[in-house]
**Student:** 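Dropping a structure here in structure tokens format, bear with me for questions.
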Number of protein chains: 4
Amino acid sequence: MVETILQATARVLSERGLAGTNTNAVAEIAGVSVGSVYQYFPNKDALINALHERHVLQMETLILDSLDQLAGKTLLEAVECMIEAVHEAHLLEPALHRALESGDLLCDPNEDDDGYRAVMVAVRQLFEVHRAVITVPDLDLAVWSVMKIVEIMVHSAVLSPPPNFTQCQLRCAIVDAVMGYLVYPSSVPPHHAPPRTASELIEVKM
Amino acid sequence: MVETILQATARVLSERGLAGTNTNAVAEIAGVSVGSVYQYFPNKDALINALHERHVLQMETLILDSLDQLAGKTLLEAVECMIEAVHEAHLLEPALHRALESGDLLCDPNEDDDGYRAVMVAVRQLFEVHRAVITVPDLDLAVWSVMKIVEIMVHSAVLSPPPNFTQCQLRCAIVDAVMGYLVYPSSVPPHHAPPRTASELIEVKM
Amino acid sequence: MVETILQATARVLSERGLAGTNTNAVAEIAGVSVGSVYQYFPNKDALINALHERHVLQMETLILDSLDQLAGKTLLEAVECMIEAVHEAHLLEPALHRALESGDLLCDPNEDDDGYRAVMVAVRQLFEVHRAVITVPDLDLAVWSVMKIVEIMVHSAVLSPPPNFTQCQLRCAIVDAVMGYLVYPSSVPPHHAPPRTASELIEVKM
Amino acid sequence: MVETILQATARVLSERGLAGTNTNAVAEIAGVSVGSVYQYFPNKDALINALHERHVLQMETLILDSLDQLAGKTLLEAVECMIEAVHEAHLLEPALHRALESGDLLCDPNEDDDGYRAVMVAVRQLFEVHRAVITVPDLDLAVWSVMKIVEIMVHSAVLSPPPNFTQCQLRCAIVDAVMGYLVYPSSVPPHHAPPRTASELIEVKM
DNA sequence: CATGAATGAGACTTCATTCAT
DNA sequence: CATGAATGAAGTCTCATTCAT
């Protein structure tokens, strides 16, 4: 029942967007009565939030799973894996993503979102392992930047890709952006390390 | 009149968000009757769109202005200028930005948005000038990526900055991300240019 | 079962008032399913009515019991006893009273309420015993008036007492009101009995 | 418009009772749309309250007016005037009264009801003028008791009169009840004044 | 008989839009 | 052109009642 309702919500959300979603429509699509929706969700927001939470959880699980399997890889390989995971996660239900996450990108996710924080921690751990090859002086800043870059680029690649590019090419661009940022001779004061040479980019295995 | 209405709309939008904005409230804040709103705007959407368009236009004007003044600068300097311009533009009315652009980031902006296209063209021209030091093989892809990165990072820096960082530091991070991407030995097939050495990163003046 | 349900109803009614009482809440408080409520009560009204009836019955039993024990008492003593009984009966569950009887005071209780009529009959019998000292020409009118006075004053004393008075004082005021009415030289036409003197107020024992 | 809505509310309230009154019905009876109801009243409660307030105000005005004209009258005459005023006020729209005041009788009216308090003050002033012939030791208590007695008896006389009595007879009974209470040798401790004789009841003119 | 998930009519309220003044 | 009262479709939510298990 809860499942039916959530799926109907997802469908309505995908088809009509957040503003066009209402409890009657959800109930109708679900083939149940409005009352049943309110039997399981105290109000409309709770309904949307439940779907949102579940959605975010799916994302995070996929990402955390991929981050668990990065031992013994170079930073590049790790970044590629991570981005591949995120990218594929977002290819699942693009329309639903748009509806559910359109408001999220500009909101402060730091409050009490454990999942988001877990991803941040995992990414930070990854970066610490590869600290030597990362030029960004502050890892917290690096984590924030990389997560933002990956978020927006993956979303954009999936939801409004530029014409004439394959998803594969876009994914490579994301990897480049992240890697470029991480190993680029940072301008953030006060660390003015000299530019890395190519040879330095060949990391040792973990 | 139109001006009054739009300003009231901006204020309501800033204070109550998109969902909390309604035509009666706008009219009241504007000190005007609802009828007058409908004299100049066929419906609510048109009202929001007009504000949105004007807002986007402001952004674009600021950005295009800064892009016009990049002659004789290195790519780094140019990127710094551009990001500074965007950043400052977004610092003006953060709440209004959140309300107006929260939905935009995930939407396809290519349809009939002349301003957006103009920015793309200007950025592309900038990149063509510095083609030699940019490692990304496809400039269209580079433009798309850089615009997305700048968009999201500037928005996030302004609207939901990570704790313990100054706007200045965040701006540097954005510059780093863009520059890193542009000059990083790209992985996008089929261009497998050899990694650049530090010396190559020293650009010639335009 | 029926008992459990009625007690739950009483509790919900006391805590949430008539408007806030619904069958689901009653069932939940009773620790019973809604279905069971409908097994024993055809609908919500029947449920409330049953409680109401039982409640009124309790009141009436208490009052009738007290009226049965008035033999050999003066009118004053009898009135004191009766009012004491009513007063104490209402002190039991004030909140429940408010919920159950708020609508009753203005309704015609004569239709088919046997209990109410029984009380009237008992009070009339009491008055007939003391006919000599009662100045009110029509005993039916006296019964109606006294019952109304006692009803409202007891209810008010219990549910919304005036500040700075004890229940004891209020009870005395009720006795005074009733006695004053019963022995006051009535103005009701056409009985213009001469005003009673103080000596006449000293009644003989029954 | 406000008038139309309030009249419709009064009608619906009279015909269907408080529970059966809903905004749609009010709008329909008023021949206006629901929106118009909400243009003037923020919600259903406000609508009912407005009617209630107006109704109470009417009552109070009538009562206060009558109390203003009591100079030079005996207590009996004053009480008769007052009760006549209240009685006639309640004869205006009995059904509406039942709906509007059914809940009031058991509620604490002392909170912030200025009108009610004004009536109390006026009654107290009346009693002070006639202090000499009133046996009730505490005037505050007397005011409370008399108001309760008048309230309930007038309401009952109008809304559920006992069979076989005229309104005139009932009104006399109310006067008797009030006068009897006021001049009856009170039992409230500690004043045990001896019973008044008839001669004492002949007051001096004010 | 007990259960409680499911129902759906109906209540409250909002707000985009119109139109007579 | 400005006004703003009036409109009413549409959305959110409640709760008395049913019925399959």
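Here is how names work: the chains are called A, B, and so on, in the same order as the sequence lines, proteins then strands, and each is numbered from 1.
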**Student:** With a cut-off of less than 4.0 Å, is there a side-chain N or O of Gln39(A) near OP1 or OP2 of dA6(E)?
**Tutor:** no
**Student:** Could you write nucleotides 15-21 of chain E as a row of B, S and -, 5' to 3', where a protein heavy atom under 4.0 Å of any base atom gives B, of only sugar-phosphate atoms gives S, and otherwise -?
**Tutor:** SBBB---
**Student:** What's the shortest heavy-atom distance between Ser36(D) and Ile5(D), and which atoms?
**Tutor:**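 Scanning both residues, the minimum pair turns out to be O-CD1, 3.7 Å.
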**Student:** Distance check, rounded to the nearest 0.5 Å: Gln39(A) atom CD versus Met1(A) atom CE?
**Tutor:** 8.0 Å
**Student:** What pair of heavy atoms forms the shortest contact from Leu47(B) to Leu6(B), and how long is it?
**Tutor:** O-CD2, 4.1 Å
**Student:** Think Tyr40(D) has a side-chain N or O under 4.0 angstrom from the OP1 or OP2 of dA6(F)?
**Tutor:** yes
**Student:** Base, sugar-phosphate, or nothing for Phe41(D), non-hydrogen atoms under 4.0 angstrom?
**Tutor:**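 It contacts nothing in the nucleic acid.
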**Student:** Enumerate, atom names and distances included, each donor-acceptor pair closer than 3.5 Å involving a side-chain atom of residues 14-23 of chain D, sequence neighbours excluded.
**Tutor:**
| unit_1 | atom_1 | unit_2 | atom_2 | d |
| --- | --- | --- | --- | --- |
| Ser14(D) | OG | Ala10(D) | O | 2.8 |
| Glu15(D) | OE2 | Arg11(D) | NE | 3.1 |
| Thr21(D) | OG1 | Gly17(D) | O | 2.7 |

**Student:** According to the Watson-Crick and G-U wobble definitions, with both distances under 3.5 Å, which nucleotide is paired to dC1(E)?
**Tutor:** none
**Student:** For Glu28(B) and dT3(F), give me the distance from atom CD to atom C1', rounded to whole Å.
**Tutor:**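 Between C1' of dT3(F) and CD of Glu28(B): 14 Å.
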**Student:** Counting C-beta onward and ignoring hydrogens, is there a side-chain heavy-atom pair between Phe41(D) and Leu51(D) closer than 4.5 Å?
**Tutor:** no
**Student:** So which atom in Tyr116(A) and which in Glu60(A) form the shortest heavy-atom distance, rounded to 0.1 Å?
**Tutor:**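 Heavy atoms only, the tightest pair is N-OE2, 3.0 Å.
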**Student:** Taking pairing as Watson-Crick or G-U wobble with both contacts under 3.5 Å, can you name the mate of dA16(F), or confirm there isn't one?
**Tutor:**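 Paired with dA16(F), as far as the under-3.5 Å criterion goes, is dT7(E).
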**Student:** Met1(B) has an atom CE; how far is it from atom C1' of dC1(F), in whole Å?
**Tutor:** 9 Å
**Student:** Check this one for me: any side-chain N or O of Ser33(D) less than 4.0 Å away from OP1 or OP2 of dT7(F)?
**Tutor:**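 Answer yes for this pair, as a side-chain N or O of Ser33(D) is under 4.0 Å from OP1 or OP2.
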**Student:** Is there a side-chain polar atom (N or O) of Ser36(D) under 4.0 Å from OP1 or OP2 of dT7(F)?
**Tutor:**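 Affirmative; the distance criterion is met.
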